[in-house]
Amino acid sequence: MCTTEKLLERIEFLRDKMTDVALKKGFTSVESITISQELDRLLNLFDDIKQTDNQKSID
């Protein structure tokens, strides 16, 4: 499995987990915020990978 596929799987996992935690413990709980920050980091990483791939295909 390629890296982007693993990354997307992790993103989906964290989205589901964040939703569950937020509904049980609140959107501003420490756990919700921590998961959200990790999810943001992975989404930014995915975006960087996609931009790099797109740039390579243009060049």
Side-chain angles (χ1 to χ4, degrees):
M1 185 178 300
C2 81
T3 303
T4 54
E5 288 176 11
K6 288 181 182 179
L7 184 57
L8 285 172
E9 284 181 8
R10 181 70 178 160
I11 287 169
E12 285 303 315
F13 170 79
L14 286 175
R15 281 182 176 155
D16 291 341
K17 185 174 180 180
M18 186 179 68
T19 301
D20 290 342
V21 170
L23 291 174
K24 290 176 184 170
K25 297 184 178 182
F27 290 91
T28 58
S29 71
V30 172
E31 190 174 357
S32 293
I33 292 170
T34 301
I35 296 168
S36 176
Q37 289 171 338
E38 176 67 7
L39 183 55
D40 286 345
R41 188 184 70 76
L42 294 181
L43 287 168
N44 288 333
L45 177 60
F46 181 76
D47 189 49
D48 290 345
I49 291 169
K50 284 301 185 187
Q51 285 183 12
T52 300
D53 288 348
N54 287 339
Q55 187 61 38
K56 285 179 183 177
S57 67
I58 293 172
D59 293 339

Item checked: Qualifying salt bridge (charged side-chain N to carboxylate O under 4.0 Å, His left out) pairs, either residue in residues 20-30, two or more places apart ->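 Counting only pairs at least two positions apart or across chains, the salt bridge (charged side-chain N to carboxylate O under 4.0 Å, His left out) contacts touching residues 20-30 are Lys25-Glu31.
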Next item on the list: Over all heavy atoms of both residues, which pair between Phe27 and Ser32 is shortest? Give the atoms and the distance, please.
Entry: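 Closest approach of Phe27 to Ser32, heavy atoms only: O-CB, 3.6 Å.
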Margin query: Do Leu8 and Ile35 land in one hydrophobic cluster if side-chain heavy atoms of ILVMFWY residues count as linked below 4.5 Å?
Written below: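 Yes; tracing contacts between hydrophobic side chains, which count when under 4.5 Å, links both residues.
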Check: Under a single-linkage definition using a 4.5 Å side-chain heavy-atom cutoff for Ile, Leu, Val, Met, Phe, Trp and Tyr, are Leu7 and Phe13 assigned to the same hydrophobic cluster?
Finding: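 Yes, Leu7 connects to Phe13 through the hydrophobic network.
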Next item on the list: Enter the distance from Thr19:OG1 to Leu14:CG here, rounded to the nearest 0.5 Å.
Entry: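 The distance works out to 10.5 Å.
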Item checked: Interatomic distance, Thr34 atom OG1 to Met18 atom CE [nearest 0.5 angstrom] ->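 Here the rounded value is 12.0 Å.
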Check: Going through the distances and angles, do Leu43 and Arg15 end up as a side-chain contact (heavy atoms from CB on, under 4.5 Å)?
Finding: CA-CA 11 Å; Leu43 287 168; Arg15 281 182 176 155; 3.8 Å; yes
Margin query: Is any side-chain heavy atom of Leu42 closer than 4.5 Å to one of Glu38?
Written below: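 Yes. Closest side-chain heavy atoms under 4.5 Å.
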Review item, side-chain donor-acceptor pairs of residues 44-52, under 3.5 Å, at least two apart:
| unit_1 | atom_1 | unit_2 | atom_2 | d |
| --- | --- | --- | --- | --- |
| Asn44 | ND2 | Asp40 | O | 3.3 |
| Asp47 | OD2 | Gln51 | NE2 | 3.1 |
| Thr52 | OG1 | Asp48 | O | 2.9 |

